[in-house]
Amino acid sequence: MTTIARGADIERLPDNMPQFILLHKQVAPYVAHIQLNRPDKLNALNLELMLEIKDALIELDADDSVRAIVISGNDKAFAAGADIKQMAGRTAVDMLKIDQFKTWDSIRKTRKPLIAAVSGYTFGGGCELAMICDIIIASETAQFGQPEINIGIMPGAGGTQRLTRIVGKSKAMEMVLGGQFMPAEEALRHGLVSRVVPIEHYLSEAVKLASLIAEKSPIAVQMAKESVLKSYEMSLQEALYFERKNFYMLFATEDQKEGMTAFVEKRKADFKGQ
Ligand code: CAA
C-alpha cells in the first residue's frame, strides 16, 4: 500500500492504481471511505470504476483496521447510472461475455457494513449500488430513479427486485416503467433511505454512523448484517434458524464475554474482533 501526494489519508490500491475512485482508508478510526470520482460524467459507472470498487472492497473486507465502509459520490451525483456510452454499441452476446454483474455480485458479498452517503443524481446503476449498501443516508437534494426505460432497456443490477421489496410494487412500477424519479423526502417515507439531512452533512452523518457501528464487535456486526440480509433470501422459518445459529455462535467470541462483562462492570466495552 503506497500513500500518494494528493493527501495523507488517500491511498492507492496495490498493483492496479485506481483512476475512478478515491480510497480514504481511515477517514475516522476503523472507518474507510470510497469516493466515486468521475465528476465530469456524474460518476457514470463504467466497467473500470466498478472493478475498482470491487477490488477496494475485497481489500477493506480483509483489513482488520477497517470495520465499516462509507461509499459516496459528490454533492451533485452519487452516480447517474451505468455508463451508457460504454454500453451503447454492445450486442447481447457482448453483454453475456463481459458479464459485468459478476463484479456487482462480489460487491454484494462484502461482509463489513456498507453505508451509502448519497446526494444528487442516484439513477440506474447508481440507485442499484446504493441499494446494495446496508444503509443509505441521503442529502435533501438526492433523487432516486431507475430511468433505464428511457433508453430502451431495464434495470439489470437488482433494481426491479430490491426497489420493489423496499417501496412496494406500485411505486416500483411507476419508477421502472415510467422512469419517474423519487426525491429524498419521499425515499425516506418509503424506507429507501434511513435519514435525510442537509447537504452539508450527509457525508459527515454517514461517517458518524459508520463510527458508531465500528465501536461494536465487528464479528457481531458481520453476523447481524448477514442475518438481516437473509430476510430477503429465505423463508421466515429458515431465516429464523439462520439467525439463531449466528446468535449462538457469537457466544464463542471473546467480544461476547467482553461485552457482557463490561455491562456488568458498568464500563464501556472494548471489542477486539476476536
Ligand atoms: N452514462 C454515461 N455518461 C453519462 C451518464 C451515464 N449514465 N450520465 C451522465 N453522463 C455524462 C453526460 O454524457 C455528460 O458528459 P459530456 O459532458 O461528455 O457530454 C456528463 O455526464 C454530464 O451529463 P449531462 O450533461 O446529461 O447533465 P445534466 O445535468 O444535463 O443531466 C442527468 C443529468 C439527468 C442525470 C442525465 O445525465 C441523464 O439522464 N443521465 C443518464 C441517466 C440514466 O439513464 N441512467 C441509467 C443508465 S443504464 C443503467 O444504469 C443500467 C443498469 O441497471 C446497471
Side-chain angles (χ1 to χ4, degrees), residues 18-22 34-55 57 71-110 114 116-133 136 138-167 169 171-184 186-187 192-193 199 202 232:
Q19 290 176 44
F20 299 112
I21 63 168
L22 299 174
I34 296 172
Q35 183 177 9
L36 282 54
N37 189 34
R38 216 189 159 202
D40 53 327
K41 303 294 175 196
L42 303 179
N43 290 330
L45 305 169
N46 61 17
L47 296 177
E48 296 79 6
L49 189 156
M50 292 309 297
L51 282 169
E52 288 176 10
I53 296 178
K54 176 198 73 133
D55 288 344
L57 288 174
I71 302 182
S72 80
N74 55 50
D75 292 356
K76 191 169 179 197
F78 178 69
D83 189 322
I84 298 169
K85 289 177 189 161
Q86 198 173 48
M87 289 184 296
R90 293 216 170 106
T91 65
V93 173
D94 295 334
M95 294 302 280
L96 273 170
K97 283 187 178 163
I98 295 167
D99 197 11
Q100 67 199 66
F101 297 126
K102 258 192 324 214
T103 309
W104 294 67
D105 288 341
S106 171
I107 293 170
R108 183 177 51 80
K109 287 182 188 150
T110 305
L114 300 178
V118 168
S119 184
Y121 303 120
T122 305
F123 291 165
C127 188
E128 290 167 309
L129 179 61
M131 288 191 292
I132 283 179
C133 294
I136 306 176
S139 89
E140 56 206 352
T141 68
Q143 287 232 28
F144 298 85
Q146 297 289 165
E148 290 89 343
I149 204 79
N150 297 334
I151 53 169
I153 56 166
M154 58 176 274
T160 64
Q161 304 307 303
R162 290 196 180 90
L163 187 67
T164 307
R165 282 166 165 78
I166 297 166
V167 305
K169 180 178 123 185
K171 200 50 161 172
M173 288 288 193
E174 266 194 51
M175 293 172 74
V176 172
L177 306 188
Q180 290 193 323
F181 303 142
M182 182 185 274
E186 193 180 348
L192 178 57
V193 309
I199 190 162
Y202 73 98
Y232 281 104

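In listed order, ligands and their atoms are each counted from 1.
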* Nearest to atom 2 (C) of ligand 1 by heavy atom, Leu45, Asp83, Leu129, Ile151: which? -> Asp83
* **Check: Gly156 N/O within less than 3.5 Å of ligand 1 N/O** => yes
* Asked: So Arg38 and Glu48, side-chain contact (heavy atoms from CB on, under 4.5 Å) or not? Walk me through it.
  -> CA-CA 11 Å; Arg38 216 189 159 202; Glu48 296 79 6; over 6 Å; no
* With only distance considered, is Lys76 within less than 3.5 Å of ligand 1 through an N or O on each side? -> no
* Which one of Asp40, Ile153, Ile84, Leu42 has a non-hydrogen atom at the shortest distance from atom 20 (C) of ligand 1? -> Asp40
* Closest to atom 42 (C) of ligand 1 (judged by heavy-atom distance), picking from Gly81, Gly158, Gly120, Ala80 -> Ala80
* To do: Please indicate, with yes or no, if any protein heavy atom is found under 4.0 Å from atom 26 (O) of ligand 1?
  => no
* **Non-hydrogen protein atom less than 4.0 angstrom from atom 30 (O) of ligand 1** => no
* Close N or O approach (Gln146, ligand 1; < 3.5 Å) -> no
* **atom 36 (C) of ligand 1 protein-contacted, heavy-atom criterion under 4.0 angstrom** => no
* Asked: Short N/O distance, under 3.5 Å, between Lys85 and ligand 1?
  -> yes
* Are any of the N/O atoms in Trp104 less than 3.5 Å from those in ligand 1? -> no
* Can you find an N or O of Pro155 that's nearer than 3.5 Å to an N or O of ligand 1? -> no
* Nearest-option assignment for atom 49 (C) of ligand 1, heavy atoms, candidates Ala82, Ala79, Pro39 -> Ala82
* In the protein, which heavy atom is nearest to atom 5 (C) of ligand 1, and how far is it? -> Ala44 CB, 3.9 Å
* Answer yes or no for atom 15 (O) of ligand 1: protein heavy atom present at a distance under 4.0 Å? => yes
* Asked: Is any heavy atom of the protein nearer than 4.0 Å to atom 44 (O) of ligand 1?
  -> yes
* **Side chain, backbone, both or neither: Lys41 near ligand 1, heavy atoms under 4.0 Å** => both
* To do: Would you confirm whether the ring centroid of Phe181 sits within less than 6.0 angstrom of the ring centroid of Phe123?
  => yes
